[in-house]
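Quick notes on the structure that follows.
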Amino acid sequence: MQRYLALDFIRGCAILGILLLNIVGFGLPSAAYLNPAWQGEISLSDAWTWAVMDGLAQLKFLTLFALLFGAGLHMQIPRGSRWISARLSLLVLLGLIHALFFWEGDILLDYGLIGLVIWRMLREVPSNRALLQTGALLYLVGCGVLLVFGAISSPQPSRSWLPGVADLQYERYWKLLGGWEAVQNRLDHLSSSLMALASQYGWQLAGLMLIGAALMRTGWLSGQFSVQHYRRAAVILLSVGWLIAIPGIIGQWHLGWDFIWSGFYLQVPRDVASPFLSLGYAALCLGFWPQIAATRISFAIQCVGRMALSNYLLQTLICTTLFYRFGLFMKYDRLQLLVFVPPVWLVNILFSVLWLRRFRQGPMEWLWRKLTALAAGKSRNAIQ
């Protein structure tokens, strides 16, 4: 299968960028991920850190990764249905293990499940325009569901939005304790996540995968257009995205992160803006790829992108060790947690570069490919 170096670079940026938000999920209670005022009050540094991260990173890198996942699914179509079904089923299994035994913020399970639902559409819809329009429609349905949830929800904040002292103490207890207590709580979290996937987030994720596949078909994501095109697209996409997103950020701050408004209604501007911003980031990379490709850091980030699965799981291993085994959970605020991000990035980069000097694939990528071949009944020569 042909490798696209710019796509490897963009995927590497997405994996590294995801940690900017996931570090909050590792280091603070689950309520803090979307609600910076989870303690009932908020410091100015926390508010500004949330605002900057919300505008630049929140959902943007996850959206970018979902688009690239859809592009990757399109590239896998020639391998056949048995290969793709086996590959995605194994991703579901890996995500389930990750979500239950390591970290409740897993995304692999969601990607595997939605991938199993939509990959046939990539094969059977001949028109790129129809694929793009269907993806956009599905994504907007997910945004609309948020509005419906806001209309039918009680205005009283739930414990998942504004936890009490006992809730916070218990979450700290089971995360630091680990073992069966942690598995039971992660199972509860998993059931809630699957309900959210089925009712709301799954629509958006499916839409993004279809959009990513359509853009790969047209050659847009593989860099087939001129650098001038990508630079113009970056300016337009980023401008539109931030024009949509910034009023939502200001509104949440002004309303004091009210449960109904911040938990539902004002999530919609962020969600609508994210595809524009994510594609704007991709366009920036493609528009300046000749200059980026000449730098040493470009090669290093490409290595991270080639080992995306291994690096995603490595981030979990490092951060759960730091915050749960070494007891750093709930010890730092939002701004302080960002200090942990560059060292983890450095580990990702060094690990990827050194590993790929000796091997063609990352360890988890190799295992995933090997098990897929076995499950699909492919010979070794057929998967070279």
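The structure displayed is predicted, hence computed values, not measured ones.
- Between the side chain of Trp242 and the main chain of Gly55, a donor-acceptor pair closer than 3.5 Å is present.
- Although no hydrogens or angles enter the test, the distance criterion places a donor-acceptor pair under 3.5 Å between the side chain of Ser278 and the main chain of Lys60.
- The hydrophobic clustering, which links ILVMFWY residues whose side-chain heavy atoms are closer than 4.5 Å, places Leu93 and Leu108 together.
- For the pair Arg87 and Trp368, the cation sits on the ring face: its NZ or CZ lies under 6.0 Å from the ring centre, inside 45° of the axis.
- With Asn22 contributing its side chain and Gly25 its backbone, the two residues share no donor-acceptor pair below 3.5 Å.
- Of the possible donor and acceptor atoms, none in the side chain of Trp83 sits under 3.5 Å from a partner among the backbone N and O of Ala376.
- Seen from the ring of Phe288, Arg231 counts as a face-on cation partner, given the 6.0 Å and 45° thresholds.
- When each of Asn348, Leu309, Ile15, Val344 is paired with Leu314, the side chain to side chain contact (heavy atoms under 4.5 Å, CB included) condition holds for Asn348 and for no other.
- Separating the OG1 atom in Thr218 from the CG atom in Asn128 is a distance of 6.0 Å, to the nearest 0.5 Å.
- Contact annotation: the side chain of Leu190 never approaches that of Asp106 to less than 4.5 Å [non-hydrogen atoms, C-beta and beyond].
- Within 6.0 Å of atom CD in Gln291, more than 12 heavy atoms from other residues, nucleotides or ligands are found, so the atom counts as buried in its surroundings.
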Item to check | side chain to side chain contact (heavy atoms under 4.5 Å, CB included) between Leu286 and Val227, intermediate numbers included | outcome: CA-CA 7 Å; Leu286 293 167; Val227 293; over 6 Å; no
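- Under a hydrophobic clustering in which Ile, Leu, Val, Met, Phe, Trp and Tyr are joined whenever their side-chain heavy atoms come within less than 4.5 Å, directly or via other members, Ile114 and Met195 fall into different clusters.
- Rounding to the nearest 0.5 Å gives a distance of 5.0 Å between CD of Gln361 and CZ of Arg369.
- The aromatic rings of Tyr111 and Phe65 lie tilted to each other, with the angle between the two planes from 30° to 60°.
- Using a 4.5 Å heavy-atom cutoff, the side chains of Pro342 and Leu346 are not in contact.
- Although no hydrogens or angles enter the test, the distance criterion places a donor-acceptor pair under 3.5 Å between the side chain of Tyr139 and the main chain of Asp271.
- Taking the side chain as every heavy atom from C-beta outward, Lys175 and Glu104 approach each other to under 4.5 Å.
- Contact record, Ile10 with Ala282: CD1-O, 4.0 Å, taken as the closest heavy-atom pair.
- The aromatic ring centres of Tyr33 and Trp38 sit 6.0 Å or more apart.
- Summarising the geometry of Leu138 relative to Ala206, their closest heavy-atom pair is CD1-CB, 4.2 Å, with the distance given to 0.1 Å.
- With rounding to the nearest 0.5 angstrom, the CD1 atom of Ile301 is 14.5 Å from the CZ atom of Arg306.
- Summarising the geometry, atom CD1 belonging to Ile249 is positioned 10.5 Å from atom CE belonging to Met53; distances are rounded to the nearest 0.5 Å.
- The shortest side-chain heavy-atom distance between Phe69 and Ile107 does not fall under the 4.5 Å cut-off.
- Taking 4.5 Å as the limit, some side-chain heavy atom of Arg172 sits within range of a side-chain heavy atom of Met330.
- Linking ILVMFWY residues whenever their side-chain heavy atoms come closer than 4.5 Å, directly or via other members, places Ile250 and Leu266 in the same cluster.
- Aromatic rings of Trp174 and Trp180 (six-membered ring for Trp) have centroids beyond the 6.0 Å cut-off, not under it.
- When every heavy atom of Ile349 is checked against every heavy atom of Ala300, the shortest pair comes out as CG2-CB, 3.6 Å.
- Residues Leu277 and Leu237 have side chains not in contact (no heavy-atom distance under 4.5 Å, counting atoms from C-beta outward).
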Checklist entry - Phe299 and Phe9: ring pair (Phe, Tyr, Trp, His ring centres under 6.0 Å), yes or no, with the steps? => result CA-CA 8 Å; Phe299 173 74; Phe9 177 81; over 10 Å; no
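- One side chain, Glu181 or Tyr170, offers a donor N or O that lies under 3.5 Å from an acceptor on the other.
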Item to check | Verdict with reasoning, His98 to Tyr312, per side chain to side chain contact (heavy atoms under 4.5 Å, CB included) | outcome: CA-CA 11 Å; His98 184 233; Tyr312 174 72; 3.6 Å; yes
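- Side-chain atoms of Gln204 do not come within 3.5 Å of backbone N or O of Tyr201 as any donor-acceptor pair.
- In terms of heavy-atom proximity, Leu122 sits nearest to Gly70 at CD1-O, 4.1 Å.
- Tracing side-chain contacts under 4.5 Å through hydrophobic residues (I, L, V, M, F, W, Y), one never reaches Leu322 starting from Val339; they form parts of separate clusters.
- If you check the side chains of Ser352 and Asn311, you find a donor sitting under 3.5 Å from an acceptor.
- Remark: side-chain polar atoms of Arg334 are paired, donor with acceptor, to backbone N or O of Ala32 under 3.5 angstrom.
- Note that the OH atom of Tyr281 and the CG atom of Leu67 stand 13.5 Å from one another [nearest 0.5 Å].
- One hydrophobic cluster, built from ILVMFWY side chains closer than 4.5 Å, cannot hold both Leu238 and Leu243; they sit in different ones.
- Without hydrogens or angle criteria, Gln267 side chain to Ser262 main chain gives a donor-acceptor distance under 3.5 Å.
- Counting only heavy atoms from C-beta outward, the side chains of Leu162 and Asn35 approach each other to under 4.5 Å.
- Between the side chains of Trp220 and His229, a donor-acceptor pair is found at a separation under 3.5 Å.
- Surrounding CH2 of Trp119 are more than 12 heavy atoms belonging to other residues, nucleotides or ligands, all under 6.0 Å away.
- Judged purely by atom type and a 3.5 angstrom limit, Ser85 has no side-chain atom pairing as donor or acceptor with the backbone of Arg82.
- At least one donor-acceptor pair closer than 3.5 Å links the side chain of Glu171 to the backbone N or O of Ser30.
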Checklist entry - Could you walk me through whether Leu338 and Thr49 pass the side chain to side chain contact (heavy atoms under 4.5 Å, CB included) check? => result CA-CA 9 Å; Leu338 292 178; Thr49 304; 3.8 Å; yes
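- Enclosure of atom CZ in Phe276 is not indicated, since only 12 or fewer non-hydrogen atoms of other residues, nucleotides or ligands lie within 6.0 angstrom.
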Item to check | Trace of the side chain to side chain contact (heavy atoms under 4.5 Å, CB included) decision for Cys285 with Tyr230 | outcome: CA-CA 8 Å; Cys285 294; Tyr230 287 114; over 6 Å; no
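- Contact check for Phe359 versus Met307: no side-chain heavy atoms found under the 4.5 Å cut-off.
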Item to check | Test ring pair (Phe, Tyr, Trp, His ring centres under 6.0 Å) applied to Trp50 and Trp257, step by step | outcome: CA-CA 11 Å; Trp50 168 84; Trp257 295 276; 5.3 Å; yes
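- Annotation: the span from Leu356 atom CG to Glu365 atom CD amounts to 8.5 Å, rounded to 0.5 Å.
- Taking each heavy atom of Phe264 and Ser153 in turn, the nearest pair found is CZ-OG, 3.5 Å.
- Just one residue in the list Trp103, Phe326, Phe102, Phe340 forms a ring-ring contact (aromatic ring centres under 6.0 Å, His included) with Phe26, and that residue is Trp103.
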